[in-house]
Peer 1: 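First the structure, which I've put down as structure tokens, then a few questions once you've had a look.
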Amino acid sequence: MNEIAVFFLHGLAYAGLLFLVSAGLTLVFGMMNVLNFAHAAMYMLGAYFSYSIMLRMSGQIWLSLIVCPIALFIIGALIERFLLRKVHANGHVAELLLTFGLAYIITELVKWYWGNYPLAVNVTGFLNGTVQIMGITYPIYRIFIFLCAIFVGLLMAFILYKTRLGIILRAAVNDSETVNTLGVNVPLVFMGVFAFGAALSGFAGVIAGPLLSTFPGMAHDILLDAFVVIVVGGFGSLGGAVVASLLIGELQSFGVLLFPKLSIALMYMLMAAVLIIKPSGLFGEEQ
Amino acid sequence: MKRSIIKSLCFLSAVLILSLPLYAAAADTIKIGATEPLSGTFKDIGERYLDGVVYAAKVINAKGGLLGKKVEVVPIDSELKPDVATRKAQNLIMKDDVRFFCGGTGSSVGAAMSQLAERENVIMYTYGMAAATMTGAKCNRNFFRPCANTDQQSYALAELIARKGYGKVAIIAQDYSFGQEALAAFKKKLAQANPSAKIVAELYHPAGTKDYAPYISQIIAAKPDVIFTPNWGNDLTILLKQGRPMGMSQKIFSYYINDEVTIQALGDDSLMIGNMGAEVYTLSIPTKKNEEFVASFYKDMGYYPTWLRGKAYVATMFWAEAVKKAGTTDVDAVIKAWEGLTYDGPAGLWTMRACDHQAQMPLWYTEIVAKTKFFDHAFEAPAGMAEAKDVSVPCAETGCIMKKK
Amino acid sequence: MKLKTNSYIVIIVLFLLGAVMPLVLRRYNLFMLTEIIIFALYAVSYNLLLGYAGLLSFGHAMFFGLGAFVAAVSIIHIPGLTLLSAVIISLVITTITGFLIGGLLLRHKGAYFALLTMAFNALFYAVATKWHSVTGGDDGLSISRPEMDLGFASLSVSSVSSFYYLILIVVGASIVFCWYFTHTAMGKTVLLMRENEERMKFLGYNTNISRLILFTFTGAIAGLAGAFYTLHFQFVSISAISIDMTTAVLLMVFVGGTRTFWGPILGAFVYIIFQNYLSDITDRWPLFMGLIFVFMVLYVPGGLSQTIVSIRQWFSGRTGTQDNGPAKAEET
Amino acid sequence: MSDYLHIKDIHKDFSGLQVLTGVDFKVVEKERHAVIGPNGAGKTTLFNIISGKFKASSGAILFKGEDLSGKPPHMLNRYGLSRSFQITNVFSELSVFENILTGVRSRYGLRYNFFKRPDHNKDFREKTEAIIEEVGLKDVGDLPASALSYGQQRALEIGITLSTEPELILLDEPTAGMTREETGQAISLIDRVTADRTLIIIEHDMDVVFSLADTISVLHYGKILASDTPDEIRNDQRVKDAYLGEE
């Protein structure tokens with residue numbers, strides 16, 4: 001019983017990270033119908049920014065948590081304004097290819113500036129400590145990840161469903177012309193959405209750094225996992241991302257315990273199963 | 001329409017002509033093509049290996065070259081893809097008549113290069129690809145391994161663990177052929193060296209795993225005395241980084257613990273101190289020859305010939321000995337000369353076994369301690385030696401059937 | 001609209017040109033040219049999907065890699081298998097797989113389809129990595145090229161030039177077939193669907209089936225290219241089925257241009273040459289690749305072939321860049 | 001004569017919104033049947049259901065005794081139904097010839113063939129030329145559709161609709177957006193090409209309706225108000241009320 005609880009806890013922490021990474025991706029995907037291949041590269045950028053900041057803050061993560069999302073917000077806004085918007089008229093193929101190229105550029109620039117070696121990112125302060133849960137030692141940082149995920153999830157839900165901005169956002173997706181005539185600047189809304197998605201990726205990068213270490217391959221490693229979350233959760237669905245993250249997090253955790261031989265393929269098997277049973281994903285709307 | 005076709009044909013021929021070589025191969029150099037990932041995620045590993053090969057060439061050239069010719073290293077960016085590596089190597093063979101290749105990264109690249117070497121009758125040697133089958137079931141006369149394979153390295157560590165009297169061992173490895181081979185060899189040797197020792201946990205995880213918590217919990221639950229892993233790079237870093245805070249406090253015996261990059265990436269010496277590794281070359285080999293090598297390398301380059309650099313250097317010097325003995329760059333002659341050749345270098349006495357082209361050499365085990373003369377972070381204590389005969393796999397057990405020409 | 005005889009003349013000239021290449025080129029250039037022809041077929045198959053049908057797949061390497069692995073595995077496990085039989089086995093298996101995968105994935109469109117294909121490519125990659133006993137996992141599989149059995153005689157294709165001729169004839173013919181395909185009923189149907197799918201439905205065309213047929217066809221052609229890739233290198237590894245291999249074909253097609261039939265062939269040419277030499281010039285080539293990519297998306301969405309077409313128009317005094325869709329591919 | 005086409009008790013709601021509430025009328029073979037009705041009466045929805053674009057919530061479309069409801073558009077086309085579009089819906093990058101050829105080859109089953117080239121078939125070419133001539137586009141047969149004038153594009157629209165040689169033609173406001181003069185030409189074109197066919201036409205323009213239709217059905221609030229000859233409809237008080245009520 002105790003063992004199950006521990007593995008459940010492991011799953012939660014990883015689910016939290018998965019959600020943080022995929023939340024921005026699914027938001028941009030759902031709102032703008034842009035599959036942002038550069039999302040993971042932005043996440044990587046966030047992690048590297050955080051490294052530089054934490055180096056000067058003697059390992060405190062708090063400043064990074066504020067500065068990196070802001071920096072990525074600005075970068076995201078610039079990318080949308082000066083690149084993505086230009087190719088929007090050419091359809092989603094052009095948009096995908098653009099972000100695809102950007103992913104290469106960002107990844108290479110990061111390697112150029114910070115080098116090819118993995119970097120040490122270690123949090124200090126109470127986040128570095130451990131607590132006793134159910135008789136085992138558990139790192140506080142893993143709990144912190146999960147709490148951050150809940151915070152981000154609630155924040156997004158609040159913005160989308162409880163604020164005027166959220167109403168505009170959702171309306172802009174469904175019927176951008178009508179919203180336009182109501183005096184809402186739709187291009188500005190899209191820029192904001194993309195920038196916010198980028199900010200979320202930066203936030204995820206900051207969080208991931210201390211857990212996974214900051215290294216040149218980190219973008220590549222996480223991108224597919226985030227894609228699988230979107231596929232399983234459903235087209236641009238925030239709720240879907242939550243459920244899919246939890247599902248995959250727990251699957252990875254218990255999968256190691258129950259089907260160690262399959263661990264590498266479990267995630268994809270889940271994806272294939274969902275696609276066969278419900279092609280639009282667990283929470284996706286039928287197209 | 002006609003014009004467009006004509007123009008595109010012109011363009012095509014222009015590109016074709018441009019791709020023709022503009023110079024003929026210089027006859028007074030001996031070229032070695034070094035296939036390494038020089039871009040992408042594993043760039044840092046490839047560059048450090050290449051560094052060692054280039055330094056070896058420099059040393060050889062400073063002493064008047066090899067057979068009176070200069071040694072020139074041609075870097076080949078394999079991108080860690082076998083097809084890319086073999087294509088570029090093939091080009092070098094056909095274009096410049098390059099007869100010697102080396103590489104250290106990626107067993108798939110190695111397998112493809114080994115096969116290419118046999119087909120084109122050139123020599124491929126590796127200073128880093130450890131999969132035992134490359135000199136086992138898949139061996140061929142054109143492939144040499146002047147470095148340890150998984151069997152030797154696992155044997156050395158199993159010996160060490162047995163000697164230290166650890167009874168319960170947890171083992172964890174990346175779930176692909178390298179990890180599986182390493183664990184299999186380890187289990188075999190441990191059973192011989194200490195029949196009472198028990199494997200209390202045997203875990204495989206995908207390479208590039210991000211969350212080790214489920215694995216760590218299983219290790220902790222198994223209550224081992226010690227942990228063995230052939231993990232390298234980030235898979236080692238994250239295992240330690242996530243494991244220690246969760247209470248995985250056992251010493252780790254690992255293949256590549258002496259990687260200074262891993263130690264730096266941890267950024268926390270306490271995670272590393274006490275762990276042990278075994279390799280064919282480490283910086284802290286306490287022999288006079290090694291001390292001289294380290295000193296001159298440091299003087300020339302301004303940094304230490306750690307791990308990968310040292311391995312590539314020693315292997316390349318060994319190759320040069322073989323060419324010297326052959327007295328020619330003729331491939332068949334060099335193969336013949338290298339078989340059975342002994343080289344007394346910085347890492348002890350190395351012998352190239354004729355039956356499988358696997359070098360027999362001592363392995364150097366070392367413990368990570370807080371203070372060393374090399375770095376201001378934790379690094380390896382002076383190494384101890386596991387003798388060649390203790391880590392050797394008899395010819396009959398390798399599965400190699402060497403075809404003779 | 002009769003196909004101009006010119007096109008056939010050009011094809012014959014190209015084949016003749018190809019036939020004299022072994023006399024002109026050095027061995028390593030011939031080796032590279034062989035590879036270029038194989039990748040040209042791969043790129044052409046991808047362009048039928050992207051350029052003609054407007055389907056952006058990020059998983060084309062699953063068919064290429066599957067074809068490559070099936071060829072290798074069948075050569076290893078079936079003693080005495082001839083070269084063409086191995087290729088045919090690959091073709092059959094990739095066709096069946098393409099049909100099944102297509103049936104599953106084509107229920108989605110646009111970005112979602114792109115994402116799904118990528119995820120499935122990852123699934124294939126994971127299986128190839130994991131299924132060590134069959135695929136050799138990380139080590140890959142090496143084979144020795146079987147002989148050609150022509151029924152009456154056995155032909156050795158072990159030398160660079162004899163294998164080159166085989167590729168020139170068989171793969172070249174496959175490319176010509178793909179070109180011919182774009183003029184056939186099915187080829188036109190696919191193109192018209194991209195233009196106006198709704199109308200096609202109301203004209204009695206089952207567009208879902210059409211898409212599935214096309215997806216299966218391009219998958220099979222990619223598998224064919226993959227099988228020849230294995231035979232060329234006499235080696236296959238998981239990199240053949242990796243997402244990098246999809247990226248590669250995407251680059252070839254995109255750099256060459258999706259709007260003409262021959263653009264991707266040009267793209268394959270440029271890509272292979274560059275991959276060989278760009279990495280010698282700079283180890284930052286992924287950066288340049290990214291920059292070229294972004295630049296092209298922004299300013300030259302039609303790729304090199306469009307540039308050539310525009311230059312030609314400029315020379316012949318015509319003004320304005322006309323949007324040369326594959327619809328008019330036969331004009332160029 | 002048994003029913004040729006019976007639109008039987010069609011209901012349609014869009015997420016709760018009742019658009020059609022039991023549409024029921026019959027079309028006799030070779031007649032020209034117009035469906036009229038005030039804006040929002042559900043004409044377009046009905047049209048889309050008959051042509052297979054939407055599925056009806058309930059009810060049936062019986063064509064020569066066979067239920068066609070719920071069949072996808074491409075199947076309906078093969079039963080001999082063909083529709084035009086209110087907004088010009090042609091292959092604008094392609095020549096007029098190819099536009100028409102696409103329908104012609106579909107009619108004769110050359111849809112997915114990997115080996116045959118449709119433009120190499122003499123029979124298809126002749127049939128295509130004939131339709132082009134019929135709709136009066138002979139002079140512009142090689143031009144891309146996008147280069148045509150609006151009137152010509154509408155003619156092409158009808159040409160494409162004819163190209164699968166349908167026996168039942170559904171025209172969706174064929175004269176929408178036309179000048180008076182163009183409308184006149186369009187009426188005579190439609191009159192000519194549908195001479196031996198059954199026609200269902202949705203139209204706002206009463207001139208068009210009354211000069212073409214043999215029978216008129218009036219759709220009002222999701223139901224058929226009346227279905228009769230033009231003269232009867234003209235004098236029907238309910239119809240007058242319905243139209244007056246709107247204005």
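Naming convention: chains lettered A, B, ... in sequence-line order (proteins, then strands); numbering from 1 in each chain. Since this is a predicted model, take the numbers as computed values, not measurements. Heavy-atom basis, side chains included; hydrogens, waters and symmetry copies ignored.
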Peer 1: Just to verify, which of C:W262, C:Y52, C:Y8 counts as forming a ring pair (Phe, Tyr, Trp, His ring centres under 6.0 Å) with C:W179?
Peer 2: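 For C:W179, the ring pair (Phe, Tyr, Trp, His ring centres under 6.0 Å) check succeeds only for C:Y8.
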
Peer 1: With a 3.5 Å cut-off and no angle check, do the side chains of D:E167 and D:T198 form a donor-acceptor pair?
Peer 2: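 Note: D:E167 and D:T198 side chains miss the donor-acceptor criterion.
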
Peer 1: Can you tell me which portion of D:T161 sits under 4.5 Å from chain C's heavy atoms? Options are side chain, backbone, both or neither.
Peer 2: both

Peer 1: Measuring from atom CG of C:N208 to atom NE2 of D:H74, what distance do you get when rounded to the nearest 0.5 angstrom?
Peer 2: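 Going from the CG atom of C:N208 to the NE2 atom of D:H74 covers 8.0 Å.
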
Peer 1: Go through the atoms of D:R78 and report whether side chain, backbone, both or neither lie under 4.5 Å from a heavy atom of chain C.
Peer 2: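 The side chain, not the backbone.
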
Peer 1: Regarding D:S92 and D:S146, do their side chains bring together a donor and an acceptor under 3.5 Å, going by distance alone?
Peer 2: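 Checked: D:S92/D:S146 side chains show no N/O donor-acceptor pair below 3.5 Å.
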
Peer 1: In terms of heavy-atom pairs under 4.5 Å with chain C, which of D:L76, D:V90, D:N121 leads?
Peer 2: D:V90

Peer 1: Which bit of D:S106 is near chain C, if near means a heavy-atom gap under 4.5 Å: side chain, backbone, both or neither?
Peer 2: both

Peer 1: Using a cut-off of under 4.5 Å for heavy-atom pairs, which of C:L192, C:T189, C:T207, C:L214 has the most such pairs with chain D?
Peer 2: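 Of the options given, most contacts go to C:L192.
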
Peer 1: I'd like to know if the side chain of D:S84 pairs up with that of D:E157 as donor and acceptor (distance under 3.5 Å, no hydrogens or angles considered).
Peer 2: no

Peer 1: With chain D, which of C:Y205, C:F181, C:F177 has the greatest number of heavy-atom pairs at distances under 4.5 Å?
Peer 2: C:Y205

Peer 1: For the candidates D:K116, D:R107, D:R105, which exhibits the highest count of non-hydrogen atom pairs separated by less than 4.5 Å from chain C?
Peer 2: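 Between D:K116, D:R107, D:R105, the count favours D:R105.
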
Peer 1: Got a salt bridge between D:K30 and D:D196, using NZ or NE/NH1/NH2 to carboxylate O under 4.0 Å?
Peer 2: yes

Peer 1: Is a donor from one side chain sitting under 3.5 angstrom from an acceptor on the other, for D:H6 and D:D24?
Peer 2: yes

Peer 1: Heavy-atom distance under 4.5 Å to chain C: side chain of D:I160, backbone, both or neither?
Peer 2: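 Contact with chain C is through both the backbone and side chain of D:I160.
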
Peer 1: Go through D:G52, D:S82, D:P118 and name the one with the most non-hydrogen pairs under 4.5 angstrom from chain C.
Peer 2: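 That would be D:P118.
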
